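No experiment lies behind these values; they were computed from the predicted model shown.
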Amino acid sequence: MSGPSYVGGCLCGSVRYEAMGGATNLCFCHCSSCRRAAGAPMVPWGTFARDRFTIAQGRLAEYRSSAQVTRGFCAACGTSLTYCHDKRANEIDVALATLDDPGVLEPQAHIWVRDKLPWVIIADGRPQFDTVRFNDS
């Protein structure tokens with residue numbers, strides 16, 4: 001299989017990953033769970049085929065943040081790296097800001113806008129969705 005390859009990792013460098021192939025569902029998520037997991041007002045995500053995502057160095061620690069969601073992070077520095085929803089078992093979402101070249105994949109929409117912080121103003125012209133526009137929650 002060919003296609004683009006994206007590499008990235010955590011703040012301390014303990015965990016490194018590679019995601020290959022096209023990314024879908026490029027978005028900013030404003031849900032309270034993502035905000036708390038990352039300590040940020042929103043999180044940019046991109047979806048990859050799970051079989052095209054590998055941990056190249058270190059080990060991804062995991063936390064079951066809800067009944068159907070597992071989040072991956074670095075156990076050493078706490079960087080939020082991945083999101084996996086049981087309904088999309090063949091996909092993995094990668095935090096775009098953890099890419100070595102974070103400007104290469106640009107979010108195309110805002111999701112879970114109903115949960116956004118009141119002091120966040122969205123004025124970038126991207127589509128906004130009250131919840132999620134993809135096949136998960």
Side-chain angles (χ1 to χ4, degrees):
M1 289 185 180
S2 62
S5 176
Y6 306 94
V7 294
C10 65
L11 176 63
C12 72
S14 294
V15 178
R16 300 286 303 156
Y17 65 80
E18 180 178 19
M20 297 174 55
T24 61
N25 302 338
L26 297 168
C27 66
F28 290 106
C29 184
H30 295 264
C31 81
S32 60
S33 181
C34 282
R35 287 190 286 108
R36 286 182 180 269
M42 69 193 88
V43 179
W45 294 106
T47 303
F48 293 89
R50 189 182 284 262
D51 64 356
R52 307 291 315 274
F53 177 85
T54 58
I55 298 298
Q57 175 183 302
R59 187 182 74 78
L60 193 64
E62 294 183 323
Y63 173 70
R64 192 79 160 167
S65 62
S66 66
Q68 296 183 321
V69 173
T70 302
R71 293 176 181 276
F73 62 96
C74 173
C77 68
T79 301
S80 179
L81 297 165
T82 64
Y83 171 102
C84 298
H85 196 289
D86 290 349
K87 288 182 181 176
R88 297 187 292 115
N90 60 340
E91 297 177 332
I92 188 167
D93 297 327
V94 174
L96 297 178
T98 66
L99 292 169
D100 288 352
D101 184 1
V104 70
L105 294 173
E106 183 178 338
Q108 300 299 306
H110 291 267
I111 63 171
W112 287 101
V113 173
R114 76 174 187 194
D115 287 356
K116 81 173 184 59
L117 294 170
W119 44 262
V120 169
I121 307 299
I122 302 172
D124 60 13
R126 292 179 176 95
Q128 299 179 35
F129 300 89
D130 281 344
T131 58
V132 68
R133 71 176 186 157
F134 313 118
N135 296 325
D136 68 32
S137 57

Is there a path of hydrophobic side-chain contacts, each under 4.5 Å between heavy atoms of I, L, V, M, F, W or Y residues, that connects [X] with [Y]?
X	Y	answer
F53	F73	no
L117	F28	yes
V104	L26	yes

Does this structure show an ion pair linking R88 with D93, if we count only N-O contacts that are shorter than 4.0 Å? yes

Any carboxylate oxygen within less than 4.0 angstrom of a Lys/Arg side-chain nitrogen, looking at R126 and E106? yes

Might you work through the side chain to side chain contact (heavy atoms under 4.5 Å, CB included) test for W112 and C34, ending with a clear yes or no? CA-CA 10 Å; W112 287 101; C34 282; over 6 Å; no

May I ask you to check whether [X] and [Y] show a side-chain donor-acceptor distance below 3.5 Å?
X	Y	answer
T98	Y17	yes
E18	S5	yes
R36	S65	no

Just wondering, do [Y] and [X] contact through their side chains at under 4.5 Å, heavy atoms?
X	Y	value
R71	S33	yes
V120	H30	yes
K116	M42	no
T131	I111	no
C12	C74	yes
C27	F129	no

Sequence neighbours left out, what passes side-chain hydrogen bond (donor to acceptor under 3.5 Å, both in side chains) with [X]? Give chain and number order.
X	result
S32	none
Q128	none
D100	R16

Excluding sequence neighbours, so at least two apart, what forms side-chain contact (heavy atoms from CB on, under 4.5 Å) with F48? Y6, A19, A23, I92, V94, L105

Under the side-chain contact (heavy atoms from CB on, under 4.5 Å) rule, collect the residues that match up with P102, sequence neighbours excluded. none

Would you find a donor on one side and an acceptor on the other, under 3.5 Å apart, between the side chain of [X] and the backbone of [Y]?
X	Y	answer
R52	E91	no
T79	C10	no
Q57	G13	yes

For residues A38 and V43, report the shortest heavy-atom separation together with the two atoms involved. CB-CG2, 3.5 Å

Salt bridge (charged side-chain N to carboxylate O under 4.0 Å, His left out) pairs, two or more places apart, involving residues 54-67: R64-D86

[atom2] on [Y] to [atom1] on [X], rounded to 0.5 Å:
X	Y	atom1	atom2	result
S80	L11	OG	CG	12.5 Å
M20	D51	CE	CG	10.0 Å
Y83	C29	OH	SG	7.0 Å

Run V7 and L99 through side chain to side chain contact (heavy atoms under 4.5 Å, CB included) and show every step you take. CA-CA 6 Å; V7 294; L99 292 169; over 6 Å; no

